[in-house]
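Notes to accompany the following structure.
Note that the coordinates shown come from a computational prediction; the quantities given were computed from them, not determined experimentally. When reading the values below, keep in mind they use all heavy atoms of this one structure, side chains included, and skip hydrogens, waters and symmetry mates. Residue numbers count from 1 along this sequence.
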Amino acid sequence: MSEMDIDKATTLIPVCTGAKNLSEFINTCDIAVKSVDKNNLPLLIKIINSKLAGNALEATKYRDTEKWEDIKSILKGAFKHRASERTLTIGLNFARMEENESVTSFASRVEELYYNLCTECSKDMSGEESRVYKKQLKNQALIIFGNGLLKHLNLALKARDPKTLETAMQFAKDEEMEHNANLQMEKLTKNIKNQNLNGNNNTSGNNVNQNNNNQNFNREIIEREKTHWRNVLKRIIAAIHYLAKHNEAFRGTSDVIFTKNNGKFLGLIEMIGKFDPVMGEHLNKIKNHDTRVHYLGHD
């Protein structure tokens, strides 16, 4: 295949607004990506992103679009065969977080229903009508997301009073991490107390000093664990705030630490771990399977 210059590629790539012209857009971009000089690929990706408009632009907002394969995957997922408007509306209105579901998973469900409903209902609307409808639906999705959270997360979110759906989702994720960290500390404290009780039942008065030493040692363990998790969560939340402040995409095509294309959030955490001893220790525990709780994925 002959090499294509960047100007010709720019001219050939059509504007993509959604399902109507998605096939032509993908086919043309596939040809352009394969044909341009590899040194021009970063510029071509920027051009491809600039050609997204309407529902296609809405579908790729807040997503990682630095590679053509990721853009193509997002667009195909957003405009695959749709359920009916009635089915999508019911699905959104009755969306509820399951007992063992993570906020990330629930947020993804609400987000997908919102985007699909936007696409289905606004396809025959004018530009202004579509903008007004999407704004109203997003405000509705914000309320549904908050009401659908587990009770402790719902109460925490109400106290923070987020004004946008994206902010609400981020607040809920922060609250979930803090809540899980507290539960982990309570569990650790309870286990150590039980160990102390069992030890006391099997010892005589001559072992009082030994028990006191054990209790002091256990308290030190608890304090070390508390400090460790506080420091880890501070760094995770700092990374989240940084990406949110700069309106950057969090997710990649993978949500597993130390895997290819796992997005800017996990990539940022991996970079911090190279220079920061606290995060470095945490990541080593994950690598060595020394911890099942890490707050860096669904597991």
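Side chains of Thr104 and Arg251: no donor on one and acceptor on the other come within 3.5 Å. Between the side chains of Glu129 and Ser126, at least one donor N or O lies within less than 3.5 Å of an accepting N or O.
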* Working for side-chain contact (heavy atoms from CB on, under 4.5 Å), residues Asn182 and His179 -> CA-CA 5 Å; Asn182 289 335; His179 176 74; 5.6 Å; no
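Side-chain atoms of Asn21 come within 3.5 Å of backbone atoms of Thr17 as a donor-acceptor pair (strictly under, hydrogens ignored). With hydrogens and angles ignored, the 3.5 Å screen pairs no side-chain donor or acceptor of Ser105 with any backbone N or O of Glu101. No donor-acceptor pair closer than 3.5 Å links the side chain of Thr167 to the backbone N or O of Lys163. Panel note: side chain Arg230, backbone Ala181; no donor-acceptor pair is recorded below 3.5 Å. Panel note: side chain Thr227, backbone Glu223; a donor-acceptor pair is recorded below 3.5 Å.
Minimum heavy-atom separation, Ala141 to Leu165: O-CD1, 3.8 Å. Heavy-atom minimum distance, Phe106 versus Arg96: CE1-C, 3.5 Å. Closest approach of Ala107 and Met169 over heavy atoms only: O-CE, 3.4 Å. Heavy atoms only, all atoms of each residue included: His228 and Glu281 are closest at ND1-OE1, 4.2 Å. Across all their heavy atoms, Pro162 and Phe171 have their closest contact at CB-CD1, 3.8 Å.
Classification of Asp276 and Arg235 as a salt-bridged pair holds, one side-chain N sitting under 4.0 Å from a carboxylate O. Taking a cutoff of 4.0 Å between a charged side-chain nitrogen and a carboxylate oxygen, Lys72 and Asp30 qualify as a salt bridge. In summary, Glu128 and Arg131 engage in a salt bridge, as defined by a charged side-chain N under 4.0 Å from a carboxylate O. Ionic pairing of Glu166 and Lys138 is present here: one or more N-O contacts between side-chain nitrogen and carboxylate oxygen are shorter than 4.0 angstrom.
Side-chain atoms of Val36 and Asp5, non-hydrogen and from C-beta on, never get closer than 4.5 Å to each other. Trp68 is listed as a side-chain neighbour of Ile26, based on a closest heavy-atom distance under 4.5 Å.
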Could you go through residues 38-57 and list every donor-acceptor pair under 3.5 Å that involves a side-chain atom there, pairing it with any protein atom two or more places apart or in another chain?
unit_1, atom_1, unit_2, atom_2, d
Asn39, ND2, Asp37, OD1, 3.3
Asn49, OD1, Thr65, OG1, 3.2
Asn49, ND2, Ile45, O, 3.1
Asn49, ND2, Thr65, O, 3.0
Ser50, OG, Ile47, O, 2.5
Lys51, NZ, Thr10, O, 3.2
Lys51, NZ, Ile13, O, 3.3
Asn55, OD1, Lys134, NZ, 2.5

Under 3.5 Å donor-acceptor pairs involving side-chain atoms of residues 142-154, not counting sequence neighbours:
unit_1, atom_1, unit_2, atom_2, d
Asn147, ND2, Ile143, O, 3.4
Asn154, ND2, Gly146, O, 2.6

List the atom pairs, with distances to 0.1 Å, where a side-chain N or O of residues 257-273 and a protein N or O form a donor-acceptor pair under 3.5 Å, not counting sequence neighbours.
unit_1, atom_1, unit_2, atom_2, d
Thr259, OG1, Ser254, OG, 2.7
Thr259, OG1, Val256, O, 2.5
Asn261, OD1, Lys67, NZ, 2.6
Asn262, ND2, Val256, O, 3.2
Asn262, ND2, Thr259, O, 3.2
Asn262, ND2, Glu270, OE2, 2.9
Lys264, NZ, Glu66, OE2, 3.1
Lys264, NZ, Glu248, OE1, 2.4
Glu270, OE2, Phe258, N, 2.7

